[in-house]
Amino acid sequence: MPTTMPDVANHSSATTEGVLDWVGMSHIELPLMFSVAGEAPRQVSAKVEAFVNLKDPKAKGIHMSRLYLLLDQLSTESSLSFASLSQLLNEFISSHEDLSTHAFVKFDFELHLRRKALITEKQGWKAYPVTITGQLKEGKLGVEMKVNVPYSSTCPCSAALARQLIQEAFVAKFAGHQQVSAELVKDWLGTTQGIVATPHSQRSIAEIKVQLNNKVADFPVIALIDAIEDALQTPVQAAVKRADEQEFARLNGQNLMFCEDAARRLKHALNQLSEFDDFWLRVNHYESLHAHDAVAVTVKGVSNGYHA
């Protein structure tokens with residue numbers, strides 16, 4: 001006869017009684033098919049957190065293996081969509097009958113997208129960090145999507161100071177000339193002496209969290225990334241040739257941004273999107289002039305929503 005193995009979680013009581021808000025696992029490694037709105041599901045490699053509450057003060061613990069096996073079933077038999085996320089959270093709770101009433105899950109992964117160059121036909125991969133979070137509490141489902149989008153920001157103040165130096169260099173170069181030919185000026189502007197100063201710019205990151213409404217089926221992550229990049233106009237590039245680099249320089253020059261400018265552009269763009277009930281955003285300009293960063297944070301401003 002096989003020996004019956006002990007089940008401490010089921011047959012032992014807590015040595016110190018008390019309810020717990022969340023109990024579960026983090027850094028679960030999981031390959032997933034991720035359902036992207038308007039496209040076929042994409043395979044991603046995720047790190048997952050899974051939790052339920054422990055409402056029974058006398059229970060020794062939860063059944064962590066049940067949470068893991070439900071995640072494994074999602075990984076091997078389905079894809080991560082709004083509906084499957086909702087089902088997963090309900091199954092977390094039903095698998096812990098008399099122990100749990102709340103459930104939480106978070107998926108962290110990088111979504112690799114093919115992005116076209118600005119001018120040429122070149123393409124390259126860009127990896128966007130994505131976090132999908134679901135919570136079921138008091139029967140209310142909340143689903144959040146977070147993305148990080150890199151872009152370039154060029155300082156308006158630095159640009160104005162650089163223009164002033166170019167003007168002064170022009171006056172010094174052509175002082176005493178009654179007339180200067182356009183061709184001579186054009187040639188001079190093409191030299192280092194002509195463009196005597198350039199504004200500083202830096203790689204920047206937009207962190208965006210959105211609260212999804214139940215109108216969505218698959219996650220509108222690409223639409224969100226596109227909206228962010230369209231609003232900022234200076235997304236970091238993948239494959240580039242000289243024509244693309246020149247266009248990138250032009251876009252930076254025509255889209256000078258303090259962090260306040262970037263945050264306001266994004267807030268306006270996100271307010272136009274109907275898939276999201278709420279949003280939170282933070283822009284981080286990793287200064288090349290300073291050793292510190294410039295940051296702006298704002299929210300949509302709905303009642304009982306995100307706080308800045």
Trainee: Parallel, tilted or perpendicular: which fits the ring planes of H96 and H63, with parallel below 30° and perpendicular above 60°?
Mentor: tilted

Trainee: Report the residues that fulfil salt bridge (Lys or Arg N to Asp or Glu O under 4.0 Å) with K300, sequence neighbours left out, ordered by chain and then residue number.
Mentor: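 Per chain and number, K300 pairs via salt bridge (Lys or Arg N to Asp or Glu O under 4.0 Å) with no residue.
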
Trainee: Please confirm whether the backbone N or O of A83 pairs with a side-chain atom of S86, one donor and one acceptor, at under 3.5 Å?
Mentor: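 Not a single qualifying donor-acceptor pair exists.
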
Trainee: Could you tell me if H102 and Q135 have a donor-acceptor pair between their side chains, going purely by distance under 3.5 Å?
Mentor: no

Trainee: On a heavy-atom basis, which atom in L74 and which in S79 lie closest, and how many Å separate them?
Mentor: CD1-O, 3.7 Å

Trainee: Hydrophobic cluster membership, with links at side-chain heavy-atom distances under 4.5 Å among I/L/V/M/F/W/Y: are I132 and L70 in one?
Mentor: yes

Trainee: Where do V297 and A308 come nearest, in terms of heavy atoms and distance?
Mentor: CG1-O, 3.6 Å

Trainee: Any Lys/Arg nitrogen of K126 or E229 sitting under 4.0 Å from an Asp/Glu carboxylate oxygen of the other?
Mentor: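 Yes.
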
Trainee: Which distance, rounded to the nearest 0.5 Å, do you find between the CG of N255 and the OG of S201?
Mentor: 12.5 Å

Trainee: Check G301 against D278 and note the closest heavy-atom contact, atom names and distance.
Mentor: N-OD1, 4.4 Å

Trainee: For R42, does the CZ atom have more than 12 heavy-atom neighbours from other residues, nucleotides or ligands under 6.0 Å away?
Mentor: yes

Trainee: Give the C-alpha distance, both sets of side-chain angles, the deciding distance and a yes or no for side-chain contact (heavy atoms from CB on, under 4.5 Å) between H285 and R203.
Mentor: CA-CA 7 Å; H285 288 191; R203 187 179 298 178; over 6 Å; no

Trainee: Within the structure provided, determine whether H200 and E287 are in side-chain contact (heavy-atom separation under 4.5 Å).
Mentor: yes

Trainee: Considering non-hydrogen atoms only, spot the tightest contact between G134 and L89 and give its length.
Mentor: C-CD1, 3.7 Å

Trainee: Examine the side chains of N252 and S152 and answer whether a donor and an acceptor come within less than 3.5 Å of each other.
Mentor: yes

Trainee: Determine whether the aromatic ring centres of H292 and Y286 lie less than 6.0 Å apart.
Mentor: no

Trainee: Classify the side-chain pair D108/T131 by whether it contains a donor and acceptor separated by less than 3.5 Å.
Mentor: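 Yes.
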
Trainee: For T101 and N53, which I'm curious about, is there any donor-acceptor pair between the side chains at under 3.5 Å?
Mentor: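 Judged by distance alone, the side chains do pair up.
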
Trainee: Is any NZ, NE, NH1 or NH2 atom of the basic residue among E207 and K146 found under 4.0 Å from an Asp or Glu carboxylate oxygen of the other?
Mentor: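 So E207 pairs with K146 through a salt bridge.
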
Trainee: Given the rule that I, L, V, M, F, W and Y join up when any side-chain heavy atoms are under 4.5 Å apart, are I205 and I228 in one cluster?
Mentor: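 Looking at the clustering, I228 is in a separate group from I205.
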
Trainee: Would you please say whether a donor-acceptor pair under 3.5 Å links the side chains of D218 and S81?
Mentor: no

Trainee: What I want to check is whether the side chains of S204 and S153 have a donor and an acceptor closer together than 3.5 Å.
Mentor: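 Looking only at side-chain atoms, S153 and S204 do form a donor-acceptor pair, the distance falling under 3.5 Å.
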
Trainee: Taking CD in E260 as the centre, count heavy atoms belonging to other residues, nucleotides or ligands within less than 6.0 Å. Is the count above 12?
Mentor: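 More than 12 within 6.0 Å, yes.
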
Trainee: Could you check, using the six-membered ring where one of them is a Trp, whether Y306 and F279 have ring centers closer than 6.0 angstrom?
Mentor: no

Trainee: Using a strict 4.0 Å threshold on nitrogen-to-oxygen distance, state whether E91 and R66 make a salt bridge.
Mentor: no

Trainee: Specify the closest pair of heavy atoms between F258 and C157, including all atoms of both residues, with the distance to one decimal.
Mentor: CZ-N, 3.9 Å

Trainee: Is there a chain of hydrophobic side chains (I, L, V, M, F, W, Y, each step under 4.5 Å between heavy atoms) that links M33 to V216?
Mentor: no

Trainee: Determine the interplanar angle of the F82 and F219 rings, folded into 0 to 90°, and report it as parallel if under 30°, tilted if 30 to 60°, perpendicular if over 60°.
Mentor: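 The rings of F82 and F219 sit tilted, inter-plane angle from 30° to 60°.
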
Trainee: Taking all non-hydrogen atoms of both residues into account, name the closest pair between E110 and V44 and its distance.
Mentor: O-CG1, 4.1 Å

Trainee: With sequence neighbours excluded, tell me which residues meet salt bridge (Lys or Arg N to Asp or Glu O under 4.0 Å) with K209.
Mentor: none

Trainee: Quick one: do V147 and L111 end up in the same hydrophobic cluster if we chain Ile, Leu, Val, Met, Phe, Trp and Tyr together by side-chain heavy atoms under 4.5 Å apart?
Mentor: yes

Trainee: For residues 169-186, which side-chain N or O atoms pair as donor and acceptor with protein atoms under 3.5 Å away, sequence neighbours left out?
Mentor:
unit_1	atom_1	unit_2	atom_2	d
H177	ND1	F174	O	3.2
S181	OG	L184	N	3.0

Trainee: Would V299 end up clustered with V149 when hydrophobic side chains under 4.5 Å apart are linked, directly or stepwise?
Mentor: no

Trainee: Check D226 with R115, please: is the shortest side-chain N to carboxylate O separation under 4.0 Å?
Mentor: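 Answer for the salt bridge query: yes.
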
Trainee: In terms of side-chain geometry, is the basic nitrogen of R242 or E245 positioned less than 4.0 Å from the acidic oxygen of its partner?
Mentor: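 Between E245 and R242 there is no salt bridge, as every charged N stays at least 4.0 Å from the carboxylate O atoms.
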
Trainee: More than 12 non-hydrogen atoms from neighbouring residues, nucleotides or ligands closer than 6.0 Å to CD on Q272, yes or no?
Mentor: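 Atom CD in Q272 is crowded, with more than 12 foreign heavy atoms closer than 6.0 Å.
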
